[in-house]
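Just so we're on the same page: letters track the sequence lines, and every chain starts at 1.
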Amino acid sequence: MDNSPILRVTDLHKSFSGIVAASNLNVDVAEGEIVGVIGANGAGKTVFINMITGYLKPSSGKIEFAGKDITGIEPRNATHMGVCRSFQVSQVFMTMSVLENMLIALSVSKDRGFSILQAYDRPELIAECEQIMARYNLSEFRDLEVSTLSQGVRKLLDIAMAIVSEPKVLLLDEPTSGVSSEDKFPIMDVVIGDLKKSGTSVLFVEHDMEIVERYVDRVLAFYQGEIICDAPPAEALKDPKVIEYVVGSDHDPKKPARKSTKKTARKPAKKSSGVRRA
Amino acid sequence: MRSILFQDKTIFWMGLCFLSLAIAALFLPNWIVNNVMFGLARGLAVLGLMLLWRTGLVSFGHALYFGIGAYGVALLEKYTGTTDIFLRLICAVIVSAIVGYLLGFILRGYRAIFFAMLSLAFSMVMYGILVKMEVLGSTDGFSVSRTTFFGWVPESKYALLLSLIIVCMASAAFVQVYLKSSLGQLSTAIKDNEIRVEYLGYSVARAVHVKYVISAIMAGLGGGLIAMALGQVDPDSMVNWTVSGELVFITIMSGAGSVVAPFIGGVVFAFLSTYASEFMPHAWQLVIGATLLGIIFFLPGGIWSLIEKLWKRGERHHG
């Protein structure tokens with residue numbers, strides 16, 4: 001594994017009208033590294049992902065991808081450069097079939113300039129889509145309308161659409177949220193297995209500590225917009241701050257981390273609304 | 001792109017229908033030919049609206065381009081004396097494309113009711129300019145001389161009808177090829193989920209802009225051809241908001257299922273309004289309104305959905 005960072009985040013800060021959502025974020029991600037992003041709801045994980053992928057513009061700081069400054073880049077340009085993402089709520093085309101979703105994703109990623117006027121359902125594109133669908137266990141749903149499919153299948157499709165352009169960095173926002181417990185591991189096996197093969201660097205937001213322990217090389221733990229721990233999972237999940245503010249002292253790796261601090265919070269965690277005054 | 005053109009069944013059947021129409025027109029009375037011409041010309045503008053509709057956008061101001069095409073033809077003749085069909089059509093395409101391109105920069109940032117109302121506002125500004133400016137013919141407009149074909153002045157309207165059919169056929173084939181392309185497929189994708197389109201790497205604003213310009217050109221062509229068919233342009237029958245309303249009406253009546261639908265809808269509307277005015281001169285709007293209600297309640301997919309149903313039933317019947 002090459003240790004030079006493919007993604008470097010330096011002093012990243014984001015505030016909304018004086019409310020701090022992320023501050024002093026410094027992260028290096030190496031090529032092929034799988035990084036888990038954990039934290040209670042509102043800790044700043046999605047803001048972090050959104051800033052890297054251009055959905056939100058940082059208030060200050062710098063994001064570099066392969067040595068190039070991509071701070072505040074438009075989402076589509078981030079995709080062109082090789083930084084792609086999936087979403088917490090699957091962003092797929094509900095009225096189309098799985099194959100049509102994949103074809104649009106693939107044709108848009110391949111057809112540039114006037115070649116975008118070529119037929120979108122060319123045999124070579126269909127063949128390539130079928131290969132990807134087979135890798136992501138989507139073949140059996142090929143011709144079904146997405147609105148009729150389960151959350152798990154939609155999540156897989158969302159991720160499959162994000163990888164068609166062969167990104168160098170993939171950011172997954174809660175890839176297993178809304179997915180039944182028996183589907184979580186098969187989905188992550190498929191996704192992480194495929195991404196490891198292609199050497200893609202992955203940052204994924206996750207609440208399920210069992211998944212974090214099993215799949216990631218490194219953990220970034222967020223609390224009130226800051227990274228409170230950056231370490232391998234075995235170390236991070238034993239970190240007192242992580243136990244205190246993220247997973248809870250009664251943490252059982254088989255159980256998900258606290259989803260919301262509102263009901264379970266003890267004294268320090270009550271502050272964990274994810275926002276604070278600058 | 002070429003392969004879509006030759007392999008697409010819609011284009012084949014559409015060609016056959018237009019050819020049959022061209023032959024049938026040789027034997028049809030003038031009043032029917034006139035209605036068909038008006039219907040097809042409106043159908044061109046509706047084809048443009050359909051393209052926007054598939055993207056989830058409704059323009060309540062497409063009479064703007066209908067008028068621009070028509071006035072382009074009239075003003076070209078007024079200032080240069082040009083009556084040749086090809087130059088007239090090129091003029092209609094260029095002026096509508098330029099205006100569509102410029103306004104597209106503003107409209108591409110709006111959606112839903114804001115897009116609809118902003119497009120209406122632009123058409124009303126155009127209407128106001130035409131009504132007030134003597135140099136543009138004011139409320140009376142201009143007359144348009146008979147169209148010539150490389151210097152030949154045909155005695156009947158058949159040559160113009162044939163040209164109209166060829167333009168409709170070419171436009172529909174172009175839109176069909178476009179809809180089958182990666183960019184064309186983004187119409188439904190944008191309607192479904194703009195965020196995903198952006199994250200796939202394509203600018204939604206650019207895609208909407210391209211569709212808007214194509215749509216403007218289609219309406220401009222329709223306007224130019226109706227000016228030639230009518231021999232007259234004036235603000236009320238070309239640019240008024242009621243014309244935009246008619247175009248939206250025909251779009252709903254036609255359905256967005258096929259590129260042929262707008263022409264069928266256009267022709268049906270032409271006959272519907274003719275008969276309504278003939279038999280109920282003081283309440284023709286009632287007939288039009290009742291028809292629209294009937295379509296919305298009983299045929300929400302428009303006339304095309306009915307044709308599709310009958311076609312499928314026929315296929316099943318013949319095994």
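Atom OH of A:Tyr136 is surrounded by more than 12 heavy atoms from other residues, nucleotides or ligands within 6.0 Å. Around NZ of B:Lys309, the count of heavy atoms belonging to other residues, nucleotides or ligands within 6.0 Å does not exceed 12. The number of heavy-atom neighbours closer than 6.0 Å to CZ of B:Phe114, taken from other residues, nucleotides and ligands shown, is 12 or below. When the shell of 6.0 Å around CZ of A:Arg8 is examined, it contains 12 or fewer heavy atoms from other residues, nucleotides or ligands. The number of heavy atoms from other shown groups lying within 6.0 Å of CZ (B:Phe122) is above 12.
The OG atom of B:Ser203 sits 8.0 Å away from the CD atom of A:Glu74 when rounded to the nearest 0.5 Å. Rounded to the nearest 0.5 angstrom, A:Leu125 CG and B:Ser182 OG are separated by 7.0 Å. For the atom pair A:Arg122 CZ and B:Ser181 OG, the distance stands at 10.0 Å (nearest 0.5 Å). One finds the CZ atom of B:Arg196 at 9.0 Å from the OG atom of A:Ser90 (value rounded to the nearest 0.5 Å). Note that the CG atom of B:Asp192 and the CD atom of A:Glu100 stand 10.0 Å from one another [nearest 0.5 Å].
Across all non-hydrogen atoms, the minimal contact from B:Ala189 to A:Ile104 is CB-CD1, 4.0 Å.
With B:Tyr202 as the aromatic partner, A:Arg76 does not meet the cation-pi criteria of under 6.0 angstrom to the ring centre and within 45 degrees of the ring axis.
In this structure, B:Leu200 and A:Thr79 have side chains that are not in contact, with every pair of non-hydrogen atoms separated by 4.5 Å or more. Within the 4.5 Å cutoff, no side-chain heavy atoms of B:Tyr199 are placed close to those of A:Gln91. Contact annotation: the side chain of A:Tyr120 never approaches that of B:Leu186 to less than 4.5 Å [non-hydrogen atoms, C-beta and beyond].
Only the backbone of A:Val92 comes within contact range of chain B, with heavy atoms under 4.5 Å apart. In this structure, no portion of A:Asn77 lies under 4.5 Å from any heavy atom of chain B. With a 4.5 Å cut-off on non-hydrogen atoms, A:Phe87 touches chain B through its side chain but not through its backbone. Both the backbone and the side chain of A:Thr95 come within less than 4.5 Å of a heavy atom of chain B.
Among B:Leu179, B:Leu183, B:Asn193, the residue making the largest number of heavy-atom pairs under 4.5 Å with chain A is B:Asn193.
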